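What follows is one structure encoded as structure tokens, with my remarks underneath.
This structure is a prediction, so every number in the text was calculated from the model and none was measured.
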Amino acid sequence: MRSAITQAHQEEWARVVAALCKRFGDLDIAEEAAAEAFATAVERWPADGVPPNPGGWLTTTANRKAIDRIRREHNRVDKQKEAQMLYDDEQPEPPDAIDDERLRLIFTCCHPALALETRVALTLRMVGGLTVPEIARAFLVQETTMGQRITRAKGKIKAARIPYRVPSKQDLPGRVSGVLAVLFLVFNEGYLATGPDTDPVRHDLTAEAIRLTRLIRALLPDDGEVAGLLALMLLTEARRTARVSASGELVALGEQDRGAWDAALVAEGHRLVRERLAAGVAPGRYQILAAINAVHTSARDVRDTDWSQIVALYDQLVRIDPSPIVALNRAVAVAELDGPEVALATVDRLDDKLAGYHAYHATRADLLRRLGRGQESRSAYDRAIALAGNTAETAYLTRRRDQLG
Amino acid sequence: MQYLVSVIDDKTNSATPEEMDAINAFNDRVKAEGHWVFAGGLAAPSTATVIDNRSGDPVFTDGPFVETKEYLAGFWVFEAPDLDVALRLAAEGSKHCNRRVEVRPFL
């Protein structure tokens, strides 16, 4: 029974919220009524059995809950509107229309007039169905703070009339990339969780990000960057269990047990990358990152890695994203191809931009170690450890530093 | 639905002739597209007077109600069906008047 409800929650939450949003034009009513409908399911299904069409049952129940609430607040709604609502109480929506509604919901939650952290929270609540305490825990903020953030966002959407629709064709590319940025942020927080009191890898967040990206992919199957982001997430997630050792230490890519990688996820990721290559369209950021991960996951042994291919892909990435972090990651690949000295020269030029970034110091520390410059390596590890927020990464860096001798 | 688009500046009446031309051309287009409600430039906050007549005995205070380095130097009021349209108009307004702007919906 619990699994039937969990499954219905995963599959139907966003549909129910989206359908209610369309009908009542109010995120707050939609969210509350959907939550009440699922609470009712938890009460009733164990006794009555799972209804033959759980999604339909939940939507109908949520609709009634919403109408109950609006009746209670009767003075705010005119009678004609209420009659209209009652009239199509049982009208089923065609499946395509519902998918379209979910897409609207995601675009509304990821509207550029909302702060990025707000978009992330709202998307996890409205589309992902996570509870406010769950989201608060994921981002290490107080529950009341997170509740206020979401309430304020719903208030702004209503008062400023942020439209509930898929953006116009001319705005769509920019808005899709805004949605992908939110999903990537959720994934990354799961993949390398910050904070000393949290698990180093938050599988709940990576799984949720993948689930939502799959949803976007189903809705926008021809968008290359959507496919690219999904591939990138799958190829990263495939390495999850190999990435943290039994003692809770981060395991670097070159030291991972490649037999422990999830072969099904790797295969699916590779399929998506091949699909994008076959499309013959200039790839965006996520597609290039996915291709880099495809090269890594194609090597059965780290020594078989095609580093020249990886550097070539980073060169391509630098052209569309000349950020210092991309330059840093490129230098890591260059170290394998041209040696640590060449890479270090590049890395040292990034100092003014990345001095506060732990991965910059960790990369320098490793290059200095390989060049036999132990003293400088040690102080770079010290900087990296001081800045790293992830417990598994801190453990890894500490061991590497202490092995310097 | 109406939106207030505030022009943020630390000077008043500081638009160059080129900026004024661009603003006027933009305003004409806003009118032609049916989004125009009202617009205006404001004199410096130092010219403001705050009035408190809650007690029925008006008290006048010289200066603005809050002193800030940047302030409302001018504004548009647009008619727009939703925030996306208001944001598009505001973005064009920001470009043409060459200042930052803030969009706020009317109740």
note = Of all heavy-atom pairs linking A:Ala160 and B:Pro105, the shortest is CA-CG, 3.4 Å

For [X], does the [atom1] atom sit with more than 12 other heavy atoms under 6.0 Å from it, leaving out its own atoms?
X: B:Lys95; atom1: NZ; answer: no
X: B:Asn53; atom1: CG; answer: yes
X: B:Asn13; atom1: CG; answer: no
X: B:Arg104; atom1: CZ; answer: no

request  = Could you tell me whether A:Arg161 and B:Asp84 have a side-chain N and a carboxylate O separated by less than 4.0 Å?
outcome  =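 No, A:Arg161 and B:Asp84 are not salt-bridged.
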
key: Atom pair CG/OG1 of B:Leu83 and A:Thr108 - distance to nearest 0.5 Å   = 11.5 Å

